[in-house]
Amino acid sequence: MTAETITCPTHGESQFAFVCKHLIAHPAQKWHCGYPEEDEPWRDAWCSACNEAFEREGEWNENNEGEADIGMLCGHCYEDGIAQSVTCMDDATGSAWVQFLQTQCEVQRVKQQAMVDNWRLNDYPRWDYYQETAQLVFSGGEQADLVADVEFVGTLSTASHTWMWSWANFSLLEPVRSRIAAVRGFGEEHDYPLLTVPKWKADAGDGWHMTAVALHVLGGLGVYRAPSDNGFIFMVVMSAQLRT
Ligand SMILES: [Zn+2]
Ligand SMILES: [Zn+2]
């Protein structure tokens, strides 16, 4: 991680990324950028117009870098800015998304009911999850303990009212976030920005919606929501078996 910082008028001394000035001025549009990495949470980003120059060369080099007017954006301002792009869909994509979400929420409801019934989840008084093994264990019931293989979808903060995808959350252990990038890939394929922007303003309903999408993309039996320090962790139950 670069040790260089800038002083943001809003956020003070901060790390920064290079971002085209079109995005800095008008963040509510598509951001062309890589995905967060542990040592580089904010990737350099540019708008669709600048992206045409980028794609012509396949990289930024001396032939095209003059065409992009690049500025430095503080990491916090970056997060706020890219979050404004989540609703940027053309009309056709927007209505396809609403329809898709509605369908998947209904599928989730049906699958969930079947999982709870088939595995008698309500008969277990206790549950615990283990990130090291990506397991959710139901115990304390009359029948054998139930061990579920889970993938964390994301976390909903009730403090900051934000959703954060687990593919962007490096505080989670690898075993619970090894499959979730497929949901981001699905978002890329269909141009659904809510699936590709790491963190955005959200309420509890959004957590269930994103989890319904993850259930669709990853497959799985159902979903689960567990309380966390400042909100909830949403997960997909990939499979389950009784402990013998
Ligand atoms: Zn631009
Ligand atoms: Zn800032």
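Every number for a ligand or one of its atoms is a count from 1 in the order of the listing. Worth saying up front: this structure is predicted, and the values here are computed from it rather than measured.
- When rounded to 10 degrees, the angle formed at the Zn ion (ligand 2) by SG (Cys8) and SG (Cys74) equals 120°.
- When distances from the Zn ion (ligand 2) to the N, O or S atoms of His11 are compared, ND1 comes out shortest.
- Aromatic rings of His216 and Phe186 (six-membered ring for Trp) have centroids within the 6.0 Å cut-off, being under it.
- Aromatic ring centres of Phe152 and Trp165: separated by at least 6.0 Å.
- The SG atom of Cys20, the Zn ion (ligand 1) and the SG atom of Cys50 define an angle of 120° (nearest 10 degrees).
- The aromatic rings of Trp163 and Trp200 sit tilted, their planes meeting at an angle between 30° and 60°.
- Among the backbone and side-chain atoms of His76, none of the N, O or S atoms lies under 2.8 Å from the Zn ion (ligand 2).
- Ser166 and Asn169 share no side-chain donor-acceptor pair at under 3.5 Å.
- Legend: residues meeting side chain to side chain donor-acceptor pair (under 3.5 Å) with Lys30, ordered by chain and number and at least two apart, are Asp191.
- Within His22, the N, O or S atom at minimum distance from the Zn ion (ligand 1) carries the name ND1.
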